[in-house]
Amino acid sequence: MNCHTCGNDLVKVITDLPFKTDIHAIIIIKNLPVMQCGNCSEYLIEDQIMQKVDDIISRMDRGAEMEILNFAA
Ligand SMILES: [Zn+2]
């Protein structure tokens, strides 16, 4: 898979990423596997990973302003 911005190879990295789930709510998912470009700062989340992220977000406590979860858990 290649970077859609610069065409460089994407490498799989494990990182922590914040996702906005509401106007005032943020979820930080730790140990998330993403495909990151070695050349620019562009990254891509694979479809099956994104589905899991959606799943995690849908199970988030609606009253919380910020939550930190481990992807692997
Ligand atoms: Zn790139």
Side-chain angles (χ1 to χ4, degrees):
M1 212 185 312
N2 290 89
C3 175
H4 60 89
T5 303
C6 72
N8 212 70
D9 281 346
L10 292 174
V11 284
K12 199 161 204 162
V13 292
I14 306 291
T15 188
D16 306 336
L17 280 182
F19 294 88
K20 258 187 114 167
T21 57
D22 205 346
I23 311 171
H24 298 296
I26 286 174
I27 185 167
I28 294 168
I29 301 180
K30 297 185 75 101
N31 301 310
L32 187 70
V34 301
M35 302 299 289
Q36 188 157 41
C37 179
N39 186 50
C40 66
S41 57
E42 208 60 44
Y43 64 85
L44 193 139
I45 299 169
E46 290 169 291
D47 285 348
Q48 75 266 31
I49 305 292
M50 202 59 223
Q51 270 173 23
K52 275 192 167 185
V53 168
D54 283 342
D55 216 55
I56 291 168
I57 289 170
S58 71
R59 281 186 279 125
M60 185 186 173
D61 176 6
R62 287 289 146 203
E65 286 191 359
M66 195 175 104
E67 231 183 306
I68 300 169
L69 287 174
N70 201 320
F71 183 77

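Residue numbers run from 1 in the order of the sequence given.
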- Intermediate values then yes/no, side-chain contact (heavy atoms from CB on, under 4.5 Å), Leu17 and Val53: CA-CA 10 Å; Leu17 280 182; Val53 168; over 6 Å; no

Between atom [atom1] of [X] and atom [atom2] of [Y], what is the distance when rounded to the nearest 0.5 Å?
{"X": "Met50", "Y": "Leu32", "atom1": "CE", "atom2": "CG", "answer": "8.5 Å"}
{"X": "Phe19", "Y": "Ile45", "atom1": "CZ", "atom2": "CD1", "answer": "4.0 Å"}
{"X": "Asn70", "Y": "Ile28", "atom1": "CG", "atom2": "CD1", "answer": "12.5 Å"}

- Message: Just to verify, what does Glu67 make a side-chain contact (heavy atoms from CB on, under 4.5 Å) with, not counting sequence neighbours?
- Response: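 Result, side-chain contact (heavy atoms from CB on, under 4.5 Å) vs Glu67: Ile27, Met60, Asp61, Ala64, Leu69.
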
- Locate the shortest heavy-atom distance separating Asn31 from Phe71; write the atom from each residue and the value.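 For Asn31 versus Phe71, the nearest heavy atoms are O-CB, 3.5 Å.
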
- Task: Compare every heavy atom of Gln36 with every heavy atom of Val13, then report the nearest pair and how far apart it is.
- Result: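 That would be CG2-OE1, 3.5 Å.
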
- Enumerate the residue pairs fulfilling salt bridge (charged side-chain N to carboxylate O under 4.0 Å, His left out) with a member in residues 42-53, sequence neighbours excluded, ordered by first and then second residue.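 Sorted pair list: Lys12-Glu46.
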
- Sequence neighbours left out, what pairs pass salt bridge (charged side-chain N to carboxylate O under 4.0 Å, His left out) with at least one residue falling in residues 19-31?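 Matches after skipping sequence neighbours: Asp16-Lys30.
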
For [X], I'd like to know if atom [atom1] has over 12 heavy atoms of other residues, nucleotides or ligands within 6.0 Å.
{"X": "Gln48", "atom1": "CD", "result": "yes"}
{"X": "Tyr43", "atom1": "OH", "result": "no"}
{"X": "His4", "atom1": "NE2", "result": "yes"}

- For Asn2, check side-chain hydrogen bond (donor to acceptor under 3.5 Å, both in side chains) against everything at least two apart and list the hits.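 side-chain hydrogen bond (donor to acceptor under 3.5 Å, both in side chains) list for Asn2, sorted by chain: Asp9.
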
- Item | Non-neighbouring partners of Asp54 that pass side-chain hydrogen bond (donor to acceptor under 3.5 Å, both in side chains), sequence neighbours left out |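 Scan of Asp54 (side-chain hydrogen bond (donor to acceptor under 3.5 Å, both in side chains), adjacent residues dropped) gives none.
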
- Task: Identify whether Ile29 and Ile26 are in the same connected component of the hydrophobic contact network (ILVMFWY, side-chain heavy atoms under 4.5 Å).
- Result: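 Looking at the clustering, Ile26 is in a separate group from Ile29.
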
- Would a hydrophobic clustering, with Ile, Leu, Val, Met, Phe, Trp and Tyr connected at side-chain separations under 4.5 Å, put Ile68 with Ile56?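 No: no chain of side-chain contacts under 4.5 Å links Ile68 to Ile56.
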
- When clusters are formed from ILVMFWY side-chain contacts under 4.5 Å, directly or step by step, what else is grouped with Leu44?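 In the cluster with Leu44 are Met1, Leu10, Met35.
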
- Message: Within the structure provided, determine whether Asn8 and Cys40 are in side-chain contact (heavy-atom separation under 4.5 Å).
- Response: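 Side chain of Asn8 against side chain of Cys40, heavy atoms only: no contact under 4.5 Å found.
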
